[in-house]
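Notes follow once the structure below has been shown.
All values reported here derive from a predicted model rather than from experimental measurement. A, B, ... follow the sequence lines: proteins, then strands. Residue 1 opens every chain.
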2 protein chains.
Amino acid sequence: MAKSSKLETGRVSIREVAAASGVSTATVSKVLSGRADYPVRAETAERVRRVALELGYVPDVAARNLRTRQTGQLGVVLEAVGASEPDSLLGAMTTSNAVRRTFDGAIMAGLSDAARSLNVPALVVYPGSSGLHHTYLDGRVDGLLVSCDPLRGHQLLQDLAQLPLPVVALWTQRVPPGISSVDVDHTAGARQAVGHLLGLGHTRIAFYGGGQASGVEHFQRREQGYREAMTAAGLSPMAAVHDGDLLVQAIRQGEVSAVFAETDLGAAAVVQALAGAGLSVPADLSLVGFDDILGAEYIAGGLTTVYQPAAEMAAEGVRVLLARLRGKPVSQTLLSPHLLVRRSTAPLNATQLQSLEN
Amino acid sequence: MAKSSKLETGRVSIREVAAASGVSTATVSKVLSGRADYPVRAETAERVRRVALELGYVPDVAARNLRTRQTGQLGVVLEAVGASEPDSLLGAMTTSNAVRRTFDGAIMAGLSDAARSLNVPALVVYPGSSGLHHTYLDGRVDGLLVSCDPLRGHQLLQDLAQLPLPVVALWTQRVPPGISSVDVDHTAGARQAVGHLLGLGHTRIAFYGGGQASGVEHFQRREQGYREAMTAAGLSPMAAVHDGDLLVQAIRQGEVSAVFAETDLGAAAVVQALAGAGLSVPADLSLVGFDDILGAEYIAGGLTTVYQPAAEMAAEGVRVLLARLRGKPVSQTLLSPHLLVRRSTAPLNATQLQSLEN
DNA sequence: CTGTTAGCGCGTTCAC
DNA sequence: GTGAACGCGCTAACAG
């Protein structure tokens with residue numbers, strides 16, 4: 001209609017609300033931003049709110065961001081994603097990659113739920129590529145959550161530590177100074193797993209793991225928990241096994257009646273090795289895994305395993321980050337996993353006891 | 001130092017770059033925005049670029065968003081996340097939920113990779129709650145990608161269709177008018193699966209599925225593909241089976257030598273039912289699943305299954321959305337899945353042939 | 001053809 | 001409770 005040189009955004013602005021309620025834009029802003037430290041007469045506030053609602057006023061995010069120099073958005077960096085392994089064709093996705101994605105899915109779910117309930121307007125996702133510069137992040141988010149990939153180095157965290165943003169790392173305890181972390185207590189989880197086996201009467205408990213991926217922080221902690229639990233029970237920890245044939249041999253010779261596997265996938269490999277040798281779980285071997293991956297119910301008819309509280313970890317991460325945004329200091333948090341007892345573990349039985357005595 | 005009432009952002013602004021290069025801010029903007037339609041002498045442009053680099057100038061995202069009324073961000077709605085099933089405690093996560101999360105992880109990975117390679121600065125994630133209002137989305141993103149949960153209704157898409165944003169739905173073909181979609185061609189995948197079994201000599205092929213989740217779009221299409229493949233081969237499709245005992249009975253009576261299961265999890269259930277009856281895969285039954293979930297390599301010693309290209313679907317979704325942002329029309333896309341042949345399928349064997357003849 | 005001027009966009013906040 | 005400056009990049013209109 002009106003021949004105007006101004007851009008028409010088709011939105012109701014704060015000025016229109018101000019005009020319609022007979023106050024200044026400043027007053028409208030004070031009322032609607034809900035800050036208690038700007039006193040406005042209750043009657044006025046009420047009128048402004050009603051008019052805003054009637055007019056369908058929605059504050060403009062961009063303008064607010066510009067003025068406040070904040071976004072209300074949190075960044076989520078998925079380290080495993082930036083690795084750019086070409087896995088899209090022919091299902092060439094590696095298994096560990098798939099595991100990561102499962103967990104990232106859970107992490108995203110936990111983050112989204114937490115963000116919504118804690119009134120964080122939005123999460124901004126970035127792949128954890130090395131080129132994750134200041135440039136991309138600055139101005140888009142107020143802080144950063146990093147879903148770390150324990151299989152990779154800490155280069156990403158080192159880089160992110162340089163940013164002028166608070167950073168919370170998930171799923172790791174190895175963080176540069178200045179970065180908060182939230183991790184699962186792998187050691188405690190391992191102790192629970194081994195404790196369960198001890199409670200069933202097993203004493204010859206092996207740790208299955210330490211393959212190519214030894215050196216991985218999580219796995220080291222899990223083995224550490226195994227050692228602690230064994231030692232605390234007055235038993236000698238055994239050297240880690242990572243070979244199905246050797247394990248089968250050890251079982252046959254009565255040297256092993258139970259195994260705590262580093263991961264559920266490792267446990268699945270154990271089951272396959274035993275099956276190939278005509279042995280079964282839990283009759284010949286009690287088996288505990290770690291992770292509770294998708295499909296764990298179908299490993300050995302139901303794998304007893306340590307559940308990692310990924311969603312809770314994510315939620316805690318959001319809380320920690322918001323706290324930092326409010327000035328709280330850097331912190332390190334550990335969350336206890338818990339044991340899911342299914343059908344892959346059983347009391348030490350007569351047959352096992354017998355071969356044990358040989 | 002200087003007693004200034006201005007906010008100190010500690011950033012290099014376009015004005016400083018302009019001053020340092022001896023031109024106006026307008027010129028700097030023209031040079032750095034890279035738009036060809038604003039002619040600037042090459043020499044000047046070069047100087048400006050150099051100065052900007054030296055000063056470490058980074059355009060302010062908020063200011064740019066405010067002026068251009070665009071964000072360069074795409075929204076990602078995860079429908080499965082908004083359902084708010086309390087699954088964080090005690091591992092009460094349902095299996096289908098876990099499957100969804102796996103796929104959402106893959107989707108996020110695909111989206112992130114695609115976004116980066118297509119120069120989309122950021123993805124903004126939202127849980128697919130019903131309260132996903134205009135309010136939250138408007139001004140934060142230029143368009144929306146929706147990772148649909150086929151187990152739920154289409155209410156979410158109906159709501160999103162009202163928004164003044166282009167929307168691309170992933171993982172569904174049932175979309176309201178005005179919404180683009182990218183889905184896996186479930187029917188084609190099912191035809192591949194059944195074709196594989198036919199090629200191995202099987203003719204008595206059952207479809208395992210149609211339980212509580214019948215009515216789910218994907219599953220209907222998979223069953224449809226089964227029917228088409230059977231019919232095309234001159235065979236009569238059998239009624240869907242969803243009971244392990246009945247299936248075992250049918251196998252024993254020679255009525256079934258192969259099964260195409262609606263999902264990998266369904267296939268896992270079949271394996272368990274057979275194991276309980278002393279039957280094995282693939283000796284007594286050739287089995288094909290659908291999904292290639294994590295752990296599929298461990299079902300029946302390696303489940304033959306239909307791989308869903310989740311990451312590719314996500315990448316295609318980003319392309320489609322960017323195209324729409326450039327004015328391209330609404331479109332519906334189907335991506336072909338492909339068969340992963342592992343060890344759960346084998347040629348029709350003598351024993352099976354014999355019981356077949358009874 | 002090259003570059004400048006002068007606001008615009010809109011919510012927030014300081015000084016009165 | 002108000003007025004007006006402010007945050008900062010973009011671009012239409014204009015001058016040389």
Decide, yes or no, whether a salt bridge links A:Glu54 with A:Arg50 under the criterion of side-chain N to carboxylate O below 4.0 Å.
yes
Report yes or no: is there a donor-acceptor pair, N or O only, under 3.5 Å between the side chain of B:Arg67 and the base of C:dC8?
yes
Using OP1 and OP2 only, check whether a side-chain N or O of B:Arg69 sits under 4.0 Å from D:dC10.
no
Quick one: do A:Asn65 and B:Asn65 satisfy side chain to side chain contact (heavy atoms under 4.5 Å, CB included)? Show the steps, please.
CA-CA 9 Å; A:Asn65 289 354; B:Asn65 289 353; 5.7 Å; no
Mind checking whether A:Met313 and A:Phe103 have side chains closer than 4.5 Å, heavy atoms only?
no
Rounded to the Å, how far apart are A:Asp60 CG and D:dC8 P?
17 Å
Take atom CZ of B:Arg64 and atom C1' of C:dC10, then tell me their distance rounded to the nearest Å.
19 Å
d(CG, B:Leu32; P, D:dC8) in whole Å
16 Å
Partners of B:Ser180 by side-chain hydrogen bond (donor to acceptor under 3.5 Å, both in side chains), sequence neighbours excluded?
none
Check step by step if salt bridge (charged side-chain N to carboxylate O under 4.0 Å, His left out) holds for A:Arg69 and B:Asp60.
CA-CA 10 Å; A:Arg69 310 270 65 196; B:Asp60 185 276; 2.7 Å; yes
Distance-only donor-acceptor pairs under 3.5 Å for side chains of residues 325-335 of chain B, two or more places apart:
from	atom 1	to	atom 2	distance (Å)
B:Gln332	OE1	B:Ser181	N	3.3
B:Gln332	OE1	B:Ser181	OG	2.5
B:Gln332	NE2	B:Ile179	O	3.3

Let me know the distance between CG of A:Leu55 and P of C:dG11, rounded to the nearest Å.
12 Å
So how far off straight is the helix from C:dC1-D:dG16 to C:dC16-D:dG1, going by the axes through five pairs at either end, to 10°?
50°
Considering only nitrogen or oxygen atoms on both sides, find all protein atoms under 3.5 Å from nucleotides 1-4 of chain D and state each distance.
from	atom 1	to	atom 2	distance (Å)
D:dG1	OP1	A:Arg41	NH2	3.4
D:dG1	OP1	A:Thr44	OG1	2.3
D:dG1	OP2	A:Arg41	N	2.3
D:dT2	OP2	A:Ser24	N	3.1
D:dT2	OP2	A:Ser24	OG	3.2
D:dT2	OP2	A:Thr27	OG1	2.4
D:dT2	O4	A:Lys30	NZ	3.1

Pair B:Thr172, B:Asp183: side-chain N/O donor-acceptor within cut-off below 3.5 Å:
no
Could you tell me the separation between the CD atom of B:Gln70 and the P atom of D:dT11, rounded to a whole number of Å?
10 Å
Any donor-acceptor pair under 3.5 Å joining the side chain of A:Arg15 to the base of C:dG11?
yes
Partner residues of B:Arg174 under the side-chain hydrogen bond (donor to acceptor under 3.5 Å, both in side chains) criterion, sequence neighbours left out:
B:Gln220
Side chain of A:Leu66 only, heavy atoms from C-beta on: which candidate in D:dG9, C:dG9, C:dT13 is closest?
C:dG9
If you look at every strand shown and take non-hydrogen atoms under 4.0 Å, does B:Ser29 touch a base, only sugar-phosphate, or nothing?
base
Whole angstrom value for the distance that separates P of C:dC10 from CZ of A:Arg11
8 Å
Give the table of side-chain donor-acceptor pairs shorter than 3.5 Å for residues 316-323 of chain B, with sequence neighbours excluded, one pair per line with atom names and distance.
from	atom 1	to	atom 2	distance (Å)
B:Glu316	OE1	B:Arg319	NH1	2.4

